[in-house]
2 protein chains.
Amino acid sequence: MVIKGSSGQACRAWQLLMRFFFAQREHLPGWAEQFGLSSIQCHALHLIEPDRPMPMSRLARALACDASNVTGLVDRLESRGVVQRVPSTTDRRVKAVGLTAAGAKLRGELLQRVAMRPHPLSRLSRAERRLLVEILEKLVDG
Amino acid sequence: MVIKGSSGQACRAWQLLMRFFFAQREHLPGWAEQFGLSSIQCHALHLIEPDRPMPMSRLARALACDASNVTGLVDRLESRGVVQRVPSTTDRRVKAVGLTAAGAKLRGELLQRVAMRPHPLSRLSRAERRLLVEILEKLVDG
DNA sequence: TATTGTTATACTCTATAACTATA
DNA sequence: TATAGTTATAGAGTATAACAATA
């Protein structure tokens with residue numbers, strides 16, 4: 001596939017990042033299923049820190065989706081027993097989403113499993129890894 | 001967010017790649033909408049090369065989804081006027097998905113736009129880009 | 001018998017619009 | 001008036017199972 005535009009290397013790097021993206025997109029749902037969750041549910045669970053309930057509206061912003069979706073998403077997570085709606089004490093309109101004990105446990109396992117996962121990265125040298133981190137930080141934060 | 005397991009740097013790199021993944025996941029649908037397509041439809045369109053119709057079953061494998069989904073996906077792409085089902089001459093069971101003239105044009109614009117997109121990558125030095133490509137190749141192919 | 005594509009069905013994710021209860 | 005969350009509705013992506021046509 002030949003593409004014109006930009007520098008050759010930047011373009012190639014971008015294509016590779018896209019291939020990475022679609023590879024993840026294919027593998028993630030199967031991976032998440034280990035935990036009885038969809039990939040977006042995993043993402044939501046990882047965003048909610050233990051003992052720190054997050055208002056639904058903030059969760060919607062963090063997930064970059066409409067607030068109306070969060071209702072159903074949280075419904076499903078709640079019926080799965082991993083989160084719990086807790087009313088705000090300061091604003092009676094607000095409901096926050098907090099982890100249950102089971103949710104905090106599951107989230108821990110999930111993060112642990114993610115951390116153990118990067119087998120392909122372990123083939124990189126120490127110097128390569130350091131540089132990759134530097135580059136990705138520029139990419140993700142910028 | 002503190003995670004135990006693996007080496008610190010590999011873990012950090014993996015977290016960054018995941019952040020990249022979810023950032024893309026948020027931005028891609030909006031980006032694809034420019035073309036009147038969903039992100040998966042963009043992905044499919046980019047997989048089908050001009051003058052090279054691809055059997056539905058192969059497309060399903062390439063998209064890593066069940067064959068039954070491809071029926072609807074191709075229906076929508078067909079009603080959008082960018083692809084066309086063409087019967088195989090050698091096996092009367094198979095239908096291949098080929099680009100229409102409009103589809104080939106759209107695909108070209110799409111790839112062009114992707115190529116022009118990597119602004120964050122252009123901030124990298126030449127050496128950084130080269131190394132990033134090397135590392136990503138190991139990651140994606142492995 | 002096995003494979004290709006389709007249909008039927010069901011669930012999740014997504015958006016928009018209208019509604020309620022609060023602020 | 002504006003905001004937080006819900007509901008109703010619609011469309012797209014996903015899977016499984018059953019089916020017809022073909023190999």
Side-chain angles (χ1 to χ4, degrees), chain A residues 21-22 24-45 47 53-80 82-98, chain B residues 21-22 24-33 35-45 47-48 53-80 82-98:
Chain A
F21 172 79
F22 281 105
Q24 288 310 310
R25 191 181 153 112
E26 286 162 8
H27 298 323
L28 238 48
W31 183 82
E33 207 179 11
Q34 292 185 303
F35 304 101
L37 299 171
S38 71
S39 33
I40 191 71
Q41 286 171 352
C42 275
H43 187 37
L45 201 64
L47 288 173
M54 182 184 288
M56 314 257 310
S57 52
R58 197 145 74 78
L59 186 54
R61 270 198 306 279
L63 294 172
C65 72
D66 192 86
S68 63
N69 300 323
V70 177
T71 299
L73 181 65
V74 171
D75 282 348
R76 288 181 283 274
L77 285 173
E78 209 168 26
S79 72
R80 178 80 177 61
V82 292
V83 304
Q84 193 176 20
R85 281 172 169 92
V86 298
S88 162
T89 53
T90 59
D91 185 335
R92 285 193 300 176
R93 292 174 304 179
V94 173
K95 292 175 196 166
V97 187
Chain B
F21 171 79
F22 281 105
Q24 289 309 310
R25 191 180 154 116
E26 286 162 10
H27 298 323
L28 239 47
W31 183 83
E33 205 180 11
F35 304 101
L37 300 171
S38 71
S39 34
I40 190 73
Q41 284 170 352
C42 274
H43 187 38
L45 201 64
L47 287 172
I48 302 168
M54 181 184 288
M56 313 259 306
S57 53
R58 197 144 73 79
L59 186 54
R61 270 196 306 278
L63 293 172
C65 70
D66 192 86
S68 63
N69 300 321
V70 177
T71 299
L73 181 64
V74 170
D75 282 348
R76 288 181 283 272
L77 285 172
E78 209 168 26
S79 71
R80 176 79 178 63
V82 293
V83 305
Q84 196 175 19
R85 282 173 169 90
V86 298
S88 163
T89 53
T90 58
D91 186 335
R92 286 193 299 175
R93 290 173 305 178
V94 325
K95 293 173 196 168
V97 186

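Note that the structure is a prediction, hence the values are computed from the model and not measured. Here is how names work: the chains are called A, B, and so on, in the same order as the sequence lines, proteins then strands, and each is numbered from 1. Values below: all heavy atoms of this structure, side chains included; hydrogens, waters and symmetry mates excluded.
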Who pairs with Thr71(A) by side-chain hydrogen bond (donor to acceptor under 3.5 Å, both in side chains), at least two apart in sequence or on another chain? none

Between protein and nucleic acid, restricted to nucleotides 20-23 of chain D and to nitrogen or oxygen atoms under 3.5 Å apart, what atom pairs and distances do you find?
residue : atom : partner  : partner atom : Å
dA23(D) : OP1  : Arg92(B) : N            : 3.0

Run the side chain to side chain contact (heavy atoms under 4.5 Å, CB included) test against Glu33(B) and tell me which residues pass, sequence neighbours left out. none

Residues in salt bridge (Lys or Arg N to Asp or Glu O under 4.0 Å) contact with Glu78(B), at least two apart in sequence or another chain: Arg85(B)

Point-to-point distance, once rounded to the nearest 0.5 Å, from CE of Met56(A) to CZ of Arg61(A): 13.0 Å

Could you pull out the closest heavy-atom pair between Val97(B) and Ile48(B), with the gap in Å? O-CG2, 3.5 Å

Contacts of Phe21(A) that satisfy side chain to side chain contact (heavy atoms under 4.5 Å, CB included) - sequence neighbours left out: Arg25(A), Phe21(B), Gln24(B), Arg25(B), Leu28(B)

Sequence neighbours excluded, which residues qualify as salt bridge (Lys or Arg N to Asp or Glu O under 4.0 Å) partners of Arg93(B)? Asp91(B)

How would you list, by chain and number, every residue that makes a side-chain hydrogen bond (donor to acceptor under 3.5 Å, both in side chains) with Ser68(B), sequence neighbours excluded? Asp66(B)

Students should find that the nucleotides of DNA chain C closing off the region near chain A, any atom under 4.0 angstrom from a heavy atom, are dT12(C) to dA23(C)

According to side chain to side chain contact (heavy atoms under 4.5 Å, CB included), who are the partners of Ala60(A), at least two apart in sequence or on a separate chain? Ala67(A), Val70(A)

Please compare Ala96(A) and Ala64(B) by the position of their nearest nucleotide in DNA chain D and report the one closer to 5'. Ala96(A)

Working to the nearest 0.5 Å, report the span between CH2 of Trp31(A) and SG of Cys42(A). 5.5 Å

Distance from Leu63(A) atom CG to Leu47(A) atom CG, nearest 0.5 Å? 6.0 Å

Write down the distance between CG (Leu63(A)) and P (dG5(D)), rounded to a whole number of angstrom. 13 Å

Using five base pairs at each end, measure the axis-to-axis angle across the helix from dT1(C)-dA23(D) to dA23(C)-dT1(D) and round it to 10 degrees. 0°

Are Leu45(B) and Val83(B) close enough, and set up right, to give a side chain to side chain contact (heavy atoms under 4.5 Å, CB included), and what steps lead you there? CA-CA 8 Å; Leu45(B) 201 64; Val83(B) 305; 4.2 Å; yes

My understanding is that only residues two or more places apart in sequence, or in another chain, count here; which of them pass side chain to side chain contact (heavy atoms under 4.5 Å, CB included) with Gln41(B)? Leu37(B), Ser38(B), Leu73(B), Arg76(B), Leu77(B)

Sequence-aligned protein contact record of nucleotides 6-13 of chain D, with B where the base is within under 4.0 Å of a protein heavy atom and S where only the sugar-phosphate is: BB----SS

